[in-house]
Peer 1: 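Sharing a structure here in structure tokens format.
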Amino acid sequence: MTYQISIKPKQEKAVLKIIQSLQEAGLIESVEVAENLALEGEALNDHELLSILEMRRAEMNEGKSLTQEEVKSLIKVWKSLRQR
């Protein structure tokens, strides 16, 4: 059975540690990190693209972003999961 989950940005480290523990216990067969979430289809026009950028800026102002050190840590965890 396959699941696709969306993790809250501030909870990524905790969830990845849980996934790693479940994998070590033999409960999870495999884990894949989505490299490209883009879907084929029509290109975004300027208005749509600017709207997305404004939403992301608002999220950053609300503290919904990661520091450089948090990103580095997540990359290390992702790499360790992918090598298994």
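The basis for the numbers below is simple: all heavy atoms, side chains too, and nothing from hydrogens, waters or symmetry mates. In this chain, residues are counted from 1 in sequence order.
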Peer 1: Specify the closest pair of heavy atoms between Gln23 and Ser30, including all atoms of both residues, with the distance to one decimal.
Peer 2: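 Answer, listing the atom of Gln23 first, then Ser30: NE2-CA, 4.2 Å.
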Peer 1: For Glu29, what residues pass the salt bridge (charged side-chain N to carboxylate O under 4.0 Å, His left out) criterion, not counting sequence neighbours?
Peer 2: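 For Glu29, no residue satisfies salt bridge (charged side-chain N to carboxylate O under 4.0 Å, His left out) once neighbours in sequence are set aside.
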Peer 1: Could you grab the distance from atom CZ of Arg57 to atom CG of Leu50, nearest 0.5 Å is fine?
Peer 2: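 Interatomic distance, Arg57 CZ to Leu50 CG, rounded to 0.5 Å: 9.5 Å.
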Peer 1: Identify, with sequence neighbours excluded, every residue that meets side-chain contact (heavy atoms from CB on, under 4.5 Å) alongside Lys8.
Peer 2: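 Per chain and number, Lys8 pairs via side-chain contact (heavy atoms from CB on, under 4.5 Å) with Gln11.
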Peer 1: So, taking the atom named CG in Leu66 and the one named CE in Met60, what distance separates them when rounded to the nearest 0.5 Å?
Peer 2: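 CE of Met60 is found 10.5 Å from CG of Leu66.
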Peer 1: List for me each residue that meets side-chain hydrogen bond (donor to acceptor under 3.5 Å, both in side chains) alongside Thr67, sequence neighbours excluded, and say none if there are none.
Peer 2: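 side-chain hydrogen bond (donor to acceptor under 3.5 Å, both in side chains) check on Thr67 returns Glu70.
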Peer 1: Out of curiosity, Ile7 CD1 to Leu74 CG, how far, rounded to the nearest 0.5 Å?
Peer 2: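 Taking CD1 in Ile7 and CG in Leu74, the distance rounds to 9.0 Å.
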Peer 1: side-chain hydrogen bond (donor to acceptor under 3.5 Å, both in side chains) with Gln68: which residues, sequence neighbours excluded?
Peer 2: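 Scan of Gln68 (side-chain hydrogen bond (donor to acceptor under 3.5 Å, both in side chains), adjacent residues dropped) gives none.
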Peer 1: Using the rule given for side chain to side chain contact (heavy atoms under 4.5 Å, CB included), can you reason through Leu16 versus Gln20, listing the C-alpha separation, both sets of side-chain angles and the distance that settles it, and then say yes or no?
Peer 2: CA-CA 6 Å; Leu16 288 173; Gln20 188 173 13; over 6 Å; no
Peer 1: Which pairs, with at least one residue in residues 10-22 and sequence neighbours excluded, count as a salt bridge (charged side-chain N to carboxylate O under 4.0 Å, His left out)?
Peer 2: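 Sorted pair list comes back empty.
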Peer 1: Which residues pass the side-chain contact (heavy atoms from CB on, under 4.5 Å) test with Asn45, sequence neighbours left out?
Peer 2: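 Partners of Asn45 by the side-chain contact (heavy atoms from CB on, under 4.5 Å) criterion, ordered by chain and then number, come out as His47, Glu48.
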